[in-house]
Visitor: 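Take a look at the following structure, please.
Here the structure is a predicted model, which means the values were calculated and not measured. Along the sequence shown, residues carry numbers from 1.
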Amino acid sequence: MTRAKSLVSRLGVLMLLCAAMAIAVPVGPAHASGIQIPLGGTGSPRTGDFQPSAKGGISSDEFPGQGDGEEGVDPYGGNIVDRSLSGGVGHGASVNSGKKAKSNPTFVTGFEGLNHYQQRYSRGGNQFSLEPPDQGLCVGNGYVVEPVNDVVNMFNASGQSVLPDNTSTNIVSGFPRNVNHAVDLNSFYGYPPAVNRSVPNGQPNHFGQFVTDPSCLYDAATQRFFLVVLTLDTNSVNGGFTTVNHLDIAVSQTPNPTGLWNIYRVDVTNDGTNTGGANPGPYLGDYPHIGADANGFYITTNAYPWCCDGFSGAQVYAFSKAQLAAGAASVNMVHIDTSGMVNAPSDAGSTQPGFTLWPAQSPGTGSFQLSNGGTEYFLSSNAADEATNPVTGHGGTHTSNQLIAWTLANTSSLNSASPALSLSNKILTVGQYAVPPKQQQPGSGTPPGTAVPQGHCLNDETTSTIAGLGCWKLLVGATAHAAGPEVVASPDSNDTRMQQVTFANGKLWGSLDTALNPDGGLQRAGIAWYIVNPSSGNLVNQGYLGATGYDFTYPAIGVTASGRGVMAFTVTGDTTFPSAGYAGIDAGLGVGGWNIAPGGQGAAADDGFSGYRQQRFPNPIRSRWGDYGAAAVDGNSVWIASEYIAHACNYTDWGGPFFTGGTGDNLLGTCGGASHGPGVRTALANWSTRISELTP
């Protein structure tokens, strides 16, 4: 999510992205290619082989400066995934402050999903600390499946994990660790651990593949779950990326996601122009997202060159859904590169590429568009620099009043020997949207107090610890304290790229982050939402959601077959810690009043490592948050998932026995107590996810 997501350092891997003109663009040889994708094997939500992490509270390859082996390619030092080239903010629209709702939609149930403790300490602790937790969610057949960076869990409708209890074998630092049955995604896809902490640095088999950007979908028509990730191959000695990257598509063999899944892998290394010039390959298939219609399953990516700034257009991968669901030995796929398509005249010029085309998903079995041989829809936006200045990736205005609706026709041909698809788009004039400022949370920009333990530790020069005088030595080492005082973070907002898209009741529903001026006051992060009739090319409804003193970010809309929806998002504010919010949405009335989901009220400030200079992340600091939320429809229910801060942790408990005379867990920062967990956080991050079921 957004953007510049994963900086590689030896802190580990930070995850660290009214109709106008209609132009029909038949997919021709210059922009599309068909290929057979073979079945690559099977996977399941079971933890793979591993050696437990060594005893001790601070493991290797967790902090800056560690894990740089002498052999092999150097780790890539720049922005890796979820890139964003937009380097500034735009000026947003002035809106009336949104009001809190009382009772609609109806809350049914909710529970805490995956959190950073589970992410970091699954597979015996052979994981990196990751931010942000890119949010996947899919629901069907009585199961709730949640993947995030870089783990997956599966629940029943009441919130209990239905995966085998792996606590007794999940040994970290000498003790079993309860991660609520979570399984790392490397295990799920059959890869070695992300980092093998039992192997000394500089030795082979120290690093496994880097798996990121998970998304999932339950397709009621085929009764199959789909889970997609972007996988980056690494040098096993020092973790350096080889630039080879692929989309890994897992499809459940039955309606029960706890069993076996078929896996297909699509190499996306050489997407884009691949002709040299300003943006020579290889490319990264960044920010993959998924959708489906009656005939096809679709993945879109943003192609960035590894070498340099610039953008090579959104890519579309169209697969036969029936073949995937059947576990065919090979599956039809058509690849479409939007970088050579003429979209429409705009301030950006006539060759603007698609950017973050988000494919639509539909509820139930009867919401698909069957005309024109079967049709899949997409939405995208164009305020970000990738869309307006793709060659250099810089210099845009960071604002736009255009929304692009894309139509992929003749999708039934995906089931034939010679698929023949046709892609077109329509440019819609909408209200102004702009790249938003960062979110605010209580204390943003001020020195962290003891209730923000990691930040406070990085400033602490006086506490006696096992590493010496000054807590900061526990985190960055005695020779690294040179970055100056830390402040409470301002969590990241998105860059106006389109977020989750739904096609339901004959309409397209989507939303994105934007700058807003609630009640004419200070500019804040808010949401712009859209409802489109894609057949006529008309904008049915649109609007904004913002509120004085609040920020709303990373929206996701789910809509039932009858056209009643819920929009999920993160809520932060001057007096509100990061929380899981929602609002109802209707084609006629638009977005109603907003609220915080029961149990989703933030308990503390975001205290993640990506927000601190001494963890050696970019300047200006980019405190990673979200990248995307998720919504899933199951009958008349809409399930939503967002990032929030679920637990508080005081400084004394965070330090535990690492502070002289202290007691508690032998893992720094978990607040797990003398019983060794389960912890509420880790030393480096405190994010959680909130899953809620609502009836709109």
Visitor: Does the side chain of L475 reach to within under 4.5 Å of the side chain of Q614, using non-hydrogen atoms?
Guide: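 No; the side chains remain at least 4.5 Å from each other.
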Visitor: Is it true that a side-chain atom of S381 and a backbone atom of A383 form a donor plus acceptor pair closer than 3.5 Å?
Guide: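 No; judged by distance alone, with no hydrogens or angles, the pair does not exist.
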Visitor: With side chains defined as the heavy atoms from C-beta onward, is the minimum distance between V144 and L137 less than 4.5 Å?
Guide: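 Result yes, sub-4.5 Å side-chain heavy-atom pair found.
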Visitor: Between Y433 and Y530, what is the ring plane arrangement, given parallel below 30°, perpendicular above 60°, and tilted in between?
Guide: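 It falls in the perpendicular class, over 60°.
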Visitor: Counting N and O atoms only, with roles assigned by atom type, does the side chain of D213 sit under 3.5 Å from a partner on the main chain of D286, one being a donor and the other an acceptor?
Guide: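 Flag not set: sc D213 to bb D286 has no pair under 3.5 Å.
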Visitor: Check whether any side-chain heavy atom of Y651 sits under 4.5 Å from a side-chain heavy atom of D460, and report yes or no.
Guide: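 Yes. Closest side-chain heavy atoms under 4.5 Å.
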Visitor: Quick check: closest heavy atoms across P359 and T300, and the distance to 0.1 Å?
Guide: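 Closest heavy-atom pair between P359 and T300: CD-OG1, 3.4 Å.
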Visitor: Could you give me the CA-CA distance, side-chain angles and deciding distance for L512 and L379, then say whether side chain to side chain contact (heavy atoms under 4.5 Å, CB included) is met?
Guide: CA-CA 11 Å; L512 50 80; L379 287 176; over 6 Å; no
Visitor: If the test is side chain to side chain contact (heavy atoms under 4.5 Å, CB included), which one of D513, T570, V571 qualifies with Q439?
Guide: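 Result: among D513, T570, V571, T570 is the only option passing the side chain to side chain contact (heavy atoms under 4.5 Å, CB included) with Q439.
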Visitor: Between Q454 (side chain) and D607 (backbone), is there a donor-acceptor pair under 3.5 Å?
Guide: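 Here the side-chain-to-backbone pair exists.
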Visitor: Regarding S493 and D551, is there a side-chain donor-to-acceptor distance under 3.5 Å anywhere?
Guide: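 Looking only at side-chain atoms, D551 and S493 do not form any donor-acceptor pair under 3.5 Å.
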Visitor: Test E461 against W472 for side chain to side chain donor-acceptor pair (under 3.5 Å), laying out the working first.
Guide: CA-CA 7 Å; E461 305 273 1; W472 58 271; 2.9 Å; yes
Visitor: May I ask you to say whether D665 pairs ionically with R177, meaning some side-chain N is under 4.0 Å from a carboxylate O?
Guide: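 Looking at D665 and R177, the cut-off is met.
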Visitor: Applying side chain to side chain donor-acceptor pair (under 3.5 Å), run through S161 and N153 and close with a yes or a no.
Guide: CA-CA 7 Å; S161 176; N153 211 335; 2.8 Å; yes
Visitor: Under a 4.0 Å N-O cut-off, is there an ion pair linking D574 with R524?
Guide: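 Here D574 pairs with R524 in a salt bridge, since their nearest N and O are under 4.0 Å apart.
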Visitor: With a 4.5 Å limit on heavy-atom distance, are the side chains of S642 and Y554 in contact?
Guide: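 They are not in side-chain contact.
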Visitor: Is Q127 reaching over with its side chain to a backbone N or O of D184, donor-acceptor style, under 3.5 angstrom?
Guide: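 Checked: no pair found.
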Visitor: To the nearest 0.5 Å, how far apart are CG in D385 and CG in D495?
Guide: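 If we round to the nearest 0.5 Å, D385:CG and D495:CG are 9.0 Å apart.
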Visitor: Give, for atom OG of S610 and atom CH2 of W687, the distance between the pair rounded to the nearest 0.5 Å.
Guide: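 One finds 12.0 Å between OG of S610 and CH2 of W687.
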Visitor: Drop me the distance from E486's CD to H456's NE2, to the nearest 0.5 angstrom.
Guide: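 The distance works out to 12.5 Å.
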Visitor: Rounded to the nearest 0.5 Å, what's the gap from CG on L357 to CD1 on I299? Could you check?
Guide: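 That separation rounds to 14.0 Å.
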Visitor: Working to the nearest 0.5 Å, report the span between CG of N382 and OG1 of T399.
Guide: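 Those atoms lie 9.5 Å apart.
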Visitor: Between F128 and F210, does the ring centroid distance fall short of 6.0 Å?
Guide: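 No; F210 has its ring centre 6.0 Å or more from that of F128.
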Visitor: Going by heavy atoms in the side chains, are N459 and P448 under 4.5 Å from each other?
Guide: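 Touching, per the 4.5 Å side-chain cut-off.
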Visitor: What residues form a side chain to side chain contact (heavy atoms under 4.5 Å, CB included) with N401, not counting sequence neighbours?
Guide: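 Listed in chain order: T429.
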Visitor: Quick one: pull up CZ in F569 and CD1 in I640 and give me the separation to the nearest 0.5 Å.
Guide: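 Going from CZ on F569 over to CD1 on I640, the span is 8.0 Å.
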Visitor: Here's a test for you: under ring-ring contact (aromatic ring centres under 6.0 Å, His included), which of W529, Y550, Y582 qualifies with W594?
Guide: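 Answer after filtering W529, Y550, Y582: Y550.
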Visitor: Output all residues satisfying side chain to side chain contact (heavy atoms under 4.5 Å, CB included) with S688, sequence neighbours left out; order by chain, then residue number.
Guide: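 With sequence neighbours excluded, S688 shows a side chain to side chain contact (heavy atoms under 4.5 Å, CB included) to E112, N115, Y644, A646, H647, given in chain and number order.
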Visitor: Would you say the ring centroid of Y287 lies under 6.0 angstrom from that of Y628?
Guide: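 Yes - the distance between ring centres of Y287 and Y628 falls below the 6.0 Å cut-off.
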Visitor: Indicate yes or no for a side-chain donor-acceptor contact from R690 to the backbone of E643 under 3.5 Å, with no hydrogens or angles considered.
Guide: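 Such a contact is absent between R690 side chain and E643 backbone.
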Visitor: Quick one: does T514's side chain have a donor or acceptor within less than 3.5 Å of a partner on G526's backbone?
Guide: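 Side chain of T514 to backbone of G526, a donor-acceptor pair under 3.5 Å: no, none is there.
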Visitor: For the residue pair E386 and N302, establish whether any side-chain heavy-atom pair is separated by less than 4.5 Å.
Guide: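 In short, these two side chains do not touch, never coming nearer than 4.5 Å.
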Visitor: Can you confirm whether L403 sits close enough to Q542 that some side-chain heavy atom of one is under 4.5 Å from a side-chain heavy atom of the other?
Guide: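 No, side chains not in contact.
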Visitor: Please state whether the rings of F609 and H116 are parallel, tilted or perpendicular, taking 30° and 60° as the class boundaries.
Guide: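 Rings of F609 and H116: tilted, 30 to 60°.
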Visitor: May I ask you to test the K438-W625 pair for a side-chain heavy-atom distance under 4.5 Å?
Guide: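 They are not in side-chain contact.
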